[in-house]
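Report on the following structure.
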Amino acid sequence: MLDLKFIRENVSLVKEAIKSKHEKDNLDQLLELDTKRRELLKLVEELKSQKNKASDEVARLKREGRDASEIIQKMKSVSDEISVLDKQLSEIEKQINDILLTIPNIPHSSVPIGEDSTQNVEVRRWAPEGYSYELQNNHYLDHLALGKKLGILDFERGAKISGSGFPVYVGKGATLERALINFMLDYHIQKHGYKEIFPPFLVNRDSMIGTGQIPKLEEDMYHCNEDDLFPIPTAEVPITNFYRDEILMEENLPIKFVGYSACFRREAGSYGKETKGFLRVHQFNKVEMVKFVKPEDSYDELEKLVNDAEDILKELKIPYRIMLLCTGDLSFSAAKCYDIEVWAPVEKKYLEASSCSNFESFQARRANIRFRRKGGKPEFVHTLNGSGLATSRLMVAIMENYQTPEGKLIVPKALQKYTGFEIID
RNA sequence: GGAGAGGUGGCAGAGUGGUUGAAUGCGGCGGUCUUGAAAACCGUUGUACCGAGGAAUCGGUACCGGGGGUUCGAAUCCCUCCCUCUCCGCCA
């Protein structure tokens, strides 16, 4: 959410942001409502001031044992007037808030202008020493075929149990998945100084609004009607909302959390595009990093966040590239975002495995997360988050990069102490 | 799910219809004392919005879990929802 006062004073900037993110422009209506609100507010507050003075007067008269019925009679009509105006006002305020929730964050000045993902900018790429992007022959299997051959992935039974897009990890596949999660968690905790959070997987509506999934992406979220709870699409939601409605102390910033969660996404309307196997699923596992930082530090912290995610891939020796998203591909809540894409040599393409974003104060304002400098007023923190990383697409990269010509799967060195075995065959 | 208790400022905790934005304590900030610190003592201390001002600041309004109601007037009375705790039931 943007500050209403900021919007009022930067209309063209906000309009541009809305346009660049392909969102609906309700600004004129918003500004009209805002003007009306301030007019009404002035009126009603004057009346309330009158009322308060009269109340004091009544109290005084009664204390002195005198008659106050004349004032009381007079104030009845004032009270009625106030209640009418108050109702109008709260209706307008609700409309204002509803619109505010649909206005996207403004891209940072360093974000390239662009329409869609084709105009994202590659920042850098990495591969292990001597890595060859080309496979030696055409006998290598994609992750579906290899998973089936080795008996470690079962999409068919997943579909039977739950529906398409709910993979089942079997045997050493399950162990490998668990190893990956544990490795990433431990690495961020021990090497990068994050504190682990094991969050709830169901959250309430306020939490979803806080991080910005609702209202915009409500259709993409699973929903438990009975209790108005949402299975989380990412651990970002519960972890960021950890500090909702709180004031943090300056000396405790930055706060760095890392947490594992299963992630649930309906992926409504995304059929037909990169949907096979792990490339698009309704449930997947992810280790998520979340930071709460001072505004002046947030862009440095974003770079560090990307580096922290990259370190995992370097340890796993998976080639990757870093993409800086252009304005048109930037998500609703983000001010700047890097995607990390892992190289899948059989698919012959890069697959998105991580998104690292700076939300500036956008989420903090929605979720009311503030901090206080020594002797100062509360200010909104900046929030960031990044996948560190999502396992499903990473698993594709592992299965393609660590496949032997005979169709066996070598466990990456960094994971071997977690799996207890070195090869799956 | 049933019965009961409760939700008040950064925290703890008074307050049951009218100078209560809210006692008191802790914490925080400023000061006295001290070589320095601690202790002691004195003073001070919330947030949001609207308006005025260059600004320090000032004026107004709202806020005692959320929403609604009664009343000239609500932290205080009523309704409703949410949450926490205790006991019982059920259960991993």
Does any residue of residues 69-86 of chain A have a heavy atom under 4.0 Å from RNA chain B, and if so, which ones, in number order?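 Of all residues in residues 69-86 of chain A, the ones placing a heavy atom under 4.0 Å from RNA chain B are A:Ile72, A:Met75, A:Lys76, A:Ser79.
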Distance between the [atom1] atoms of [N] and [M], in whole angstroms?
N	M	atom1	answer
B:rA23	B:rA75	C1'	14 Å
B:rA3	B:rG9	P	29 Å
B:rU24	B:rG46	P	15 Å
B:rG25	B:rC91	C1'	44 Å
B:rU34	B:rA39	C1'	11 Å
B:rC87	B:rA48	P	40 Å
B:rC11	B:rG7	C1'	15 Å
B:rC90	B:rA12	P	35 Å

Notebook entry, point to check: Quick one: side chain to side chain donor-acceptor pair (under 3.5 Å) partners of A:His223, sequence neighbours excluded?
Noted result: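 Counting only residues at least two positions away or on another chain, A:His223 forms a side chain to side chain donor-acceptor pair (under 3.5 Å) with A:Asp228.
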- Only counting residues at least two apart or in another chain, list the ones meeting side chain to side chain donor-acceptor pair (under 3.5 Å) with A:Glu360.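 For A:Glu360, the residues satisfying side chain to side chain donor-acceptor pair (under 3.5 Å) (neighbours in sequence not counted) are A:Tyr299.
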**OP:** Ignoring backbone atoms, test whether A:Arg37 places a side-chain nitrogen or oxygen under 4.0 Å from the OP1 or OP2 oxygen of B:rC49.
**Re:**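 Answer is no, no contact under 4.0 Å.
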What about the rings of A:Phe230 and A:Phe264, do their centers lie closer together than 6.0 Å?
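No.
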For A:Phe332 together with A:Phe362, are the ring centres under 6.0 Å from each other?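 Yes - the distance between ring centres of A:Phe362 and A:Phe332 falls below the 6.0 Å cut-off.
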In this structure, how many angstroms lie between the [atom2] atom of [N] and the [atom1] atom of [X], rounded?
X	N	atom1	atom2	answer
A:Asn97	B:rC49	CG	C1'	14 Å
A:Arg63	B:rU19	CZ	P	8 Å
A:Arg60	B:rU20	CZ	C1'	19 Å
A:Glu93	B:rA48	CD	P	16 Å
A:Lys377	B:rC29	NZ	C1'	15 Å
A:Asp227	B:rC82	CG	C1'	13 Å
A:Asn241	B:rC83	CG	P	16 Å
A:Leu229	B:rC82	CG	C1'	13 Å

Read 5' to 3' with Watson-Crick or G-U pairs under 3.5 Å, [ ] for crossing pairs and | for partners on another strand, RNA chain B gives ((((((((.[[[..)..(.....]]]((((((.......))))))(((((((....))))))).[[[[[..)....]]]]])))))))....
Please indicate whether [X] has more than 12 foreign heavy atoms, meaning atoms of other residues, nucleotides or ligands, lying under 6.0 Å from its [atom1].
X	atom1	result
A:Glu32	CD	no
A:Arg157	CZ	no
A:Lys317	NZ	no
A:Lys294	NZ	yes
A:Lys148	NZ	no
A:Glu16	CD	no

Notebook entry, point to check: What is the nucleic acid contact for A:Arg205, judged by heavy atoms within less than 4.0 Å: base, sugar-phosphate only, or nothing?
Noted result: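 If one applies the 4.0 Å heavy-atom cut-off, A:Arg205 turns out to touch nothing in the nucleic acid.
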- Query: How do A:Arg372 and A:Leu4 order along RNA chain B: which one's closest nucleotide is nearer the 5' end?
  - Reply: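 This one resolves to A:Arg372.
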- Item | 5' priority, RNA chain B, between A:Pro378 and A:Asp34 [closest heavy atom] |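 On the 5' side of the pair lies A:Pro378.
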### Message
Do A:Thr102 and A:Lys24 pair up side chain to side chain, a donor and an acceptor below 3.5 Å, judged on atom types alone?
### Response
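The criterion, which ignores hydrogens and geometry beyond distance, is not satisfied for A:Lys24 and A:Thr102.
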Are side-chain N/O atoms of A:Gln50 and A:Glu46 paired as donor and acceptor at under 3.5 Å?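 Their side chains do not contain a donor-acceptor pair, so the 3.5 Å distance test is not met.
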Query raised in the report: How are the rings of A:His192 and A:Tyr187 set to each other: parallel, tilted or perpendicular (split at 30° and 60°)?
Result: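 Rings of A:His192 and A:Tyr187: perpendicular, as their planes differ by over 60°.
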#### Entry: Plane angle bin for A:His282 and A:Phe166 - parallel if under 30°, tilted between 30 and 60°, otherwise perpendicular
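Rings of A:Phe166 and A:His282: tilted, 30 to 60°.
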With sugar-phosphate taken as primed atoms, P, OP1 and OP2 and all else as base, the protein-contact string of nucleotides 51-62 of chain B at under 4.0 Å (heavy atoms; B, S, -) is S--------BBS
Protein N or O to nucleotides 65-68 of chain B N or O, pairs below 3.5 Å:
none

Using 4.0 Å as the upper bound for N to carboxylate O, is an ion pair formed by A:Arg60 and A:Glu57?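 Salt bridge present between A:Glu57 and A:Arg60.
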